[in-house]
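Below is one structure, written out as structure tokens, with a few remarks after it.
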Protein chains: 2
Amino acid sequence: MEQNLSLNLHVLTARLDRAADRILRAEHGISYSRFLALTLVGELGASTQRTLAEYLGVTEPSVSRMTTVLAADGLLDVQPDPAGGNRRRLSLTDEGKRRVTSIRQEFEERLAMVVAHSGVPYAEYAEHTARLLATFDRLEREAGK
Amino acid sequence: MEQNLSLNLHVLTARLDRAADRILRAEHGISYSRFLALTLVGELGASTQRTLAEYLGVTEPSVSRMTTVLAADGLLDVQPDPAGGNRRRLSLTDEGKRRVTSIRQEFEERLAMVVAHSGVPYAEYAEHTARLLATFDRLEREAGK
DNA sequence: TTAAGCAAGTTAGCATGTTAAGTTAATCGC
DNA sequence: GCGATTAACTTAACATGCTAACTTGCTTAA
């Protein structure tokens, strides 16, 4: 069984994402992807599309399309960066802030309960996951691309 | 940081998947999704589309489209199940078998090396991941849907 | 034995991921 | 100062996920 880590991670995450998406759509009328984007802008200070793409681990075209939609929905403010360059400056609208804060706490508690149910030590698993992610970042940067 | 497990899992898996996909496409001319499907048919005995969908953690329409493509590419054999019903019986073609076996060993070793690099204990992390997945399966089944 | 129901699969339409190839705005070297 | 480079973003085309609704083939019950 131990040679199936990549497969299990893939499937576990796919199911968590699907469940999160179902809950958010049903109870809050927003997709998980969009909620993550708003969260990162609002709480981790992703202030350009490039930065947001890095935080999310997706490419710039994905972010470009998503910010267009979120702006059209009135949740995200997208402005040319006053500091110059071709950057966009991202920030939440009042409505965007309201959505994120009303959802976040309750949603994370729900996920933590699922983990607790499994008997897996949350803190340790979270720490290992974070460390794998950091290592992956480093290896990819070292590999040039 | 510990309240970001869902986000970190999402991002870690997205990056692992992307890297796996890049390697497989460049060196073996096949996508990661299709490789996973062939692997599950070849090694875990996913013999109907329904079963394959469960193993992959995706829905039936996704599998339906993929089996059509894999059959057209000559890697997968899709036949009406002789036992009757509306089932399809899935099996690898000779070319499909050749592709899977030539890729699998080398590819898994590569992933294990990345994990080793991070200092995270492979066996423990793999076991926790498997347990989370099993718990999730159980909870979803209990929840009716 | 025929209608109702169920399980497996397909089709259609959309969301969101990708790569490849442009555009835009600042910077750097001559 | 002007052409080449670079960074951030966009556009286009495609891959692969989803849900909703349909078809197909068996099973079950009146």
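Quick note: numbers below take in every heavy atom, side chains included, and nothing from hydrogens, waters or symmetry partners.
Between B/Arg88 and C/dG9 there is no side-chain N or O to OP1 or OP2 distance below 4.0 Å. Contact annotation: B/Thr68 does not reach the phosphate of C/dT10 (side-chain N/O to OP1 or OP2, under 4.0 Å). Residue B/Ser33 has a polar side-chain atom (N or O) positioned under 4.0 Å from OP1 or OP2 of D/dG17. Of the side-chain N and O atoms in B/Gln49, none sit less than 4.0 angstrom from OP1 or OP2 of C/dA7.
Note: CG (A/Asp81) to C1' (D/dC9) measures 13 Å, nearest angstrom. The CZ-P distance, from A/Arg25 to C/dA15, rounds to 8 Å in whole Å. Separating the CE atom of A/Met66 from the C1' atom of C/dC14 is a distance of 16 Å, rounded to the nearest angstrom. Rounded to an integer number of Å, the gap from A/Leu70 CG to C/dA15 C1' is 13 Å. When rounded to the nearest whole Å, the span between NE2 of B/His10 and C1' of C/dT16 equals 10 Å. Going from atom CG of A/Asp21 over to atom P of D/dT19 covers 8 Å, rounded to whole Å. When rounded to the nearest whole Å, the span between CG of A/Asp73 and P of C/dT16 equals 10 Å. Rounded to whole Å, atom P of C/dG17 lies 10 Å from atom CG of A/Asp17.
Closest approach of A/Leu132 and B/Ser118 over heavy atoms only: CD2-OG, 3.2 Å.
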Item to complete: Carefully, step by step, assess B/Phe35 and B/His28 under the rule ring-ring contact (aromatic ring centres under 6.0 Å, His included).
Response: CA-CA 10 Å; B/Phe35 171 71; B/His28 301 282; 8.2 Å; no

Item to complete: Run the numbers on A/Leu44 and A/Thr39 for side chain to side chain contact (heavy atoms under 4.5 Å, CB included), then give the verdict.
Response: CA-CA 7 Å; A/Leu44 293 184; A/Thr39 298; over 6 Å; no

Strictly under 3.5 Å: I want the nitrogen or oxygen pairs between protein and nucleotides 18-23 of chain C, one per line.
{"unit_1": "C/dT18", "atom_1": "OP1", "unit_2": "B/Arg18", "atom_2": "NE", "d": "3.4"}
{"unit_1": "C/dT18", "atom_1": "OP2", "unit_2": "A/Thr59", "atom_2": "N", "d": "2.8"}
{"unit_1": "C/dT18", "atom_1": "OP2", "unit_2": "A/Thr59", "atom_2": "OG1", "d": "2.5"}
{"unit_1": "C/dT18", "atom_1": "OP2", "unit_2": "A/Ser62", "atom_2": "OG", "d": "2.9"}

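Of the candidates C/dG9, D/dA15, C/dT16, the closest approach to any side-chain atom of B/Arg50 belongs to C/dG9.
A/Arg89 comes within 4.0 angstrom of no nucleic acid atom, judged by non-hydrogen atoms across all strands.
Note on ring orientation: taking the six-membered ring where Trp is involved, the planes of B/Tyr125 and A/Tyr125 are parallel (angle under 30°, cut-offs 30° and 60°).
Between A/Phe136 and B/His117, the ring center distance fails the sub-6.0 Å criterion.
Using a 4.5 Å heavy-atom cutoff, the side chains of A/Leu56 and A/Met66 are in contact.
Under the salt bridge (charged side-chain N to carboxylate O under 4.0 Å, His left out) test applied with A/Glu60, the options A/Arg65, A/Arg50, A/Arg87 reduce to a single match, A/Arg50.
For A/Ser31 and A/Gly85, each mapped to the nucleotide of DNA chain C holding its nearest heavy atom, the one lying further toward the 5' end belongs to A/Ser31. Mapping A/Arg87 and B/Tyr32 onto DNA chain D by nearest heavy atom places A/Arg87 at the nucleotide closer to the 5' end.
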